[in-house]
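All residue numbers in this chain count up from 1 along the given sequence. When reading the values below, keep in mind they use all heavy atoms of this one structure, side chains included, and skip hydrogens, waters and symmetry mates. Numbering of ligands and ligand atoms starts at 1, following listing order.
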Amino acid sequence: MRLQGKVAIVTGGGSGIGQGIAKRLGCEGARVIIDYVGSEAGADDTRRAIEACGSQGEVVQADVTKMDDDRKLVDTAWDRFGSADILVNNAGMEKRSDFWDTPEDEYDKVMAVNLRGPFFLTQAFVRRLREAQKPGRIVNISSVHEDMAFPGFTTYCCSKGGLRMMMRNLAVELGPLGITVNNIAPGAIATPINKALLEDKPKLNALLKNIPLGRLGTPEDVAGMVAFLASDDASYISGATFLVDGGLMRSYHEQ
Ligand code: NAP
């Protein structure tokens with residue numbers, strides 16, 4: 001129970017990696033604000049799992065691209081649980097388009113969810129921490145594609161590359177406030193975002209050959225790293241990206 005007494009906000013807590021993170025933080029003792037947009041049933045499942053561990057969860061519908069919703073998430077943490085200590089910017093999306101065909105609305109949407117959302121939600125979180133003169137932990141779920149090229153997904157790579165620089169900048173700017181900021185870069189994790197890949201056996205098998213540990217990751221693999229970064233054991237860690245990718249980023253094969 002490394003997070004007893006702490007309060008965490010997790011975006012996209014009704015499915016995939018965010019659900020795994022919210023459950024893990026809850027079972028480490030944190031009370032959790034579980035954000036969702038469309039996955040209400042999933043968010044309720046997350047809350048029930050946290051309650052089964054003996055902690056508390058509060059489900060909140062909030063679209064991270066809307067500043068009013070960002071403030072609502074932070075305010076709900078303070079109103080319901082008295083404060084917030086940990087913010088996990090997990091919500092994200094991807095769209096596949098060749099660069100030359102990428103429409104403006106697709107660019108705007110991916111950037112809004114993956115970069116603008118974390119920017120203004122983090123701002124709302126930091127403002128409350130500053131007022132209360134409290135330290136805090138910020139963990140962004142980025143991607144190996146904050147570094148690694150992904151043809152056909154330039155909008156996604158731009159958003160995650162931006163999230164990497166946001167994290168580095170904020171580690172410097174928020175350090176004096178006692179707030180740490182880190183990214184987790186998952187590789188290929190079995191979640192709904194990868195539905196097309198999971199259903200394409202030849203493509204999936206080719207990918208698995210590039211993963212030294214020989215399997216896809218799970219939400220729990222990512223959640224363990226979040227629990228560590230949110231814990232006292234990580235109090236001197238800020239400004240870093242942590243790969244959770246089964247070795248994918250270091251993998252190279254002669255043909
Ligand atoms: P997922 O199951 O599709 O989850 C995406 C989550 O984002 C959903 O919970 C969704 O909420 C939420 N979301 C989307 N738009 C939102 C908005 N405007 N406001 C609030 N929440 C919003 O996929 P996932 O794999 O767990 O993805 C989670 C994060 O991990 C993303 O940032 C993704 O880029 C990153 N990631 C995933 C992988 C992978 O292989 N799976 C690899 C690297 C990085 P609703 O369901 O409620 O709509």
Side-chain angles (χ1 to χ4, degrees), residues 9-24 32-47 59-74 87-96 106 108-122 124 139-148 150 153 155-164 166-167 183-198 203-204 207-208 210-211 215-223 225-226 241-246 248-249:
I9 300 169
V10 180
T11 64
S15 79
I17 293 173
Q19 187 169 50
I21 293 168
K23 286 181 184 173
R24 177 67 189 266
V32 185
I33 299 292
I34 306 155
D35 158 71
Y36 77 97
V37 182
S39 299
E40 186 175 8
D44 283 336
D45 283 349
T46 308
R47 179 180 50 75
V59 171
V60 180
Q61 186 178 34
D63 179 341
V64 296
T65 69
K66 297 183 179 152
M67 288 182 69
D68 284 350
D69 282 13
D70 292 336
R71 281 190 288 268
K72 179 172 81 176
L73 274 177
V74 176
L87 170 64
V88 184
N89 285 307
N90 162 79
M93 62 173 295
E94 62 181 38
K95 291 268 186 195
R96 212 219 82 84
E106 194 172 297
D108 288 344
K109 179 77 181 166
V110 173
M111 295 300 275
V113 175
N114 294 4
L115 187 56
R116 183 190 147 95
F119 188 104
F120 286 107
L121 177 55
T122 300
V139 181
N140 302 314
I141 306 306
S142 172
S143 167
V144 289
H145 300 299
E146 68 165 49
D147 257 326
M148 185 164 68
F150 192 13
F153 291 85
T155 52
Y156 187 73
C157 292
C158 288
S159 69
K160 296 297 187 179
L163 196 57
R164 181 181 63 180
M166 186 179 113
M167 173 275 291
N183 278 14
I184 295 174
I189 312 296
T191 72
I193 212 173
N194 284 324
K195 187 170 182 292
L197 171 71
L198 295 170
K203 213 168 164 186
L204 182 60
L207 170 65
L208 288 172
N210 281 325
I211 301 174
R215 66 168 177 88
L216 296 179
T218 64
E220 292 71 31
D221 290 324
V222 180
M225 181 59 87
V226 179
T241 292
F242 295 85
L243 295 169
V244 178
D245 71 345
L248 174 67
M249 277 284 271

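- With sequence neighbours left out, E94 forms a side-chain hydrogen bond (donor to acceptor under 3.5 Å, both in side chains) with no residue at all.
- Of the candidates N183, N114, T122, T11, T122 is the only one forming a side-chain hydrogen bond (donor to acceptor under 3.5 Å, both in side chains) with N89.
- Under 3.5 Å, the side chains of T155 and E106 contain no donor-acceptor pair of N or O atoms.
- Not counting sequence neighbours, the partners of D108 by the side-chain contact (heavy atoms from CB on, under 4.5 Å) test are E104.
- A donor-acceptor contact shorter than 3.5 Å is absent between the side chain of N140 and the backbone of S142.
- Within 4.0 Å of ligand 1, protein heavy atoms belong to G12, S15, G16, I17, D35, Y36, V37, G38, S39, A62, D63, V64, T65, N90, A91, G92, V113, I141, S142, S143, Y156, K160, P186, G187, A188, I189, T191, P192, I193, N194, listed by chain and number.
- Contacts of F120 classified as ring pair (Phe, Tyr, Trp, His ring centres under 6.0 Å), with partners at least two apart in sequence or in another chain: none.
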